[in-house]
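So the structure is just underneath, and the comments pick up after that.
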Amino acid sequence: MIRKCLFPAAGYGTRFLPATKAMPKEVMPIVNKPLIQYGVEEALEAGMHDIAIVTGRGKRALEDHFDVSYELEHQINGTDKEAYLADIRRLMDQCTFSYTRQKEMKGLGHAILTGETLIGREPFGVILADDLCDGNSDGVMAQMARIYAKYRCSVVAIEEVPQDQIEKYGVIAGSEIEDGLFMISDMVEKPSPEEAPSNLAIIGRYILTPDIFDILRETPPGRGGEIQITDALLTQAKRNMVLAYKFKGRRFDCGSVAGFIEATNYYYERMRDDG
Ligand code: G1P
């Protein structure tokens, strides 16, 4: 029912310098697959076939990754190496990819607003590729799409985080209306532990209704002088309803070196188990 998924991918990836000096952080691999490909697979599993990517300068490798590489394909055609391309070929067959560039880095809210031209007036998913999620039997975005189908409002994914981590996230407060599903009453972007309204942190998965674009246009810069999606969602929650969903599965913060290594070990083990 939701066809489109937006990937904000214009950031510099400074925490991974020098690796990200000439290479987008979104193509850094966990084992042998770029981070963004895991995200696109998750979107597709949720039925989102139209992939909209907000890029920036120096991100051409992203577009090339989701395109045919004639020379390479010609070289390995008919050999057993073709099997390595099976997953990415399937994505390319089943998805469309469109791109727009964010010219200035003015925050996640601004990146999402930049994507409006690719999304239009329909509900859409948002995946931050550096939050890598393994939903076990069911992808996190697919879980969220089911919540959207029932309630028809914006949905954010949340998880409990320890107090000393809370200031890295948007944090919600709300009332639990179903097991693991909260109606949001407050949201704060990167609060200090004292300011945090709970230990429920937003992770990089959203389903947004398109009125969010109008709200974002009116949202002043917030934390860090940037336009924050968290602030826009709080406005939406006050006008309407926004839900926070405690997803089932495991998430790795691949925006940090420690999380990246943890994910690498986890997926490597899994690959070995699968043979
Ligand atoms: C962004 C959001 C934040 C959210 C986080 C999830 O922050 O602004 O609300 O909790 O993603 O990863 P960033 O990590 O881009 O600083």
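One-based numbering, in listed order, for ligands and for the atoms of each. What you see is a predicted model; the values in this text were computed from it and never measured. Numbers here are sequence positions counted from 1.
No salt bridge links Arg146 with Glu178; every basic N to acidic carboxylate O contact stays at or beyond 4.0 Å.
In this structure, OH on Tyr148 lies 11.5 Å from CG on Leu243, to the nearest 0.5 angstrom. The CZ atom of Phe97 lies 8.0 Å from the NE2 atom of His65; values are rounded to the nearest 0.5 Å.
Looking from atom 4 (C) of ligand 1 to the surrounding protein, the closest heavy atom is Ile202 O, 3.5 Å. Looking only at protein heavy atoms, the nearest one to atom 1 (C) of ligand 1 is Leu108 CD2, 3.9 Å. Counting protein heavy atoms only, atom 2 (C) of ligand 1 is closest to Glu189 OE2, 3.6 Å. Closest to atom 11 (O) of ligand 1, if we only count protein heavy atoms, is Leu128 CD1, 3.5 Å.
Remark: side-chain polar atoms of Lys168 are not paired, donor with acceptor, to backbone N or O of Ala201 under 3.5 angstrom.
In this structure, Lys190 counts as a contact residue of ligand 1, since one of its heavy atoms falls inside 4.0 Å of the ligand.
Among the atoms of Asp131, some N or O lies under 3.5 angstrom from an N or O of ligand 1. Checked against a 3.5 angstrom limit, the closest N/O atoms of Thr230 and ligand 1 fall inside it. Residue-to-ligand polar distances keep Ile229 apart from ligand 1: every N/O pair is separated by 3.5 Å or more.
Not a single protein heavy atom sits closer than 4.0 Å to atom 15 (O) of ligand 1.
Close contacts of ligand 1 with Gln228, meaning ligand atoms under 4.0 Å from a residue heavy atom, involve 8 (O). Below 4.0 Å from some heavy atom of Gly170 lie the following atoms of ligand 1, by number and element: 3 (C), 4 (C), 9 (O), 10 (O).
Residue contacts with ligand 1 for Asp253 are absent, since no atom lies close enough (heavy atoms, distance under 4.0 Å).
Heavy-atom neighbours of Arg121 CZ from other residues, nucleotides or ligands within 6.0 Å: above the threshold of 12.
Defined by atom type and a distance below 3.5 Å, a donor-acceptor pair is missing between the side-chain atoms of Glu218 and Thr235.
The six-membered or imidazole ring of Phe213 lies near that of Phe124, with a centre-to-centre distance under 6.0 Å.
Linking Ile, Leu, Val, Met, Phe, Trp and Tyr residues whenever their side-chain heavy atoms come within less than 4.5 Å leaves Ile53 and Leu118 in two separate clusters.
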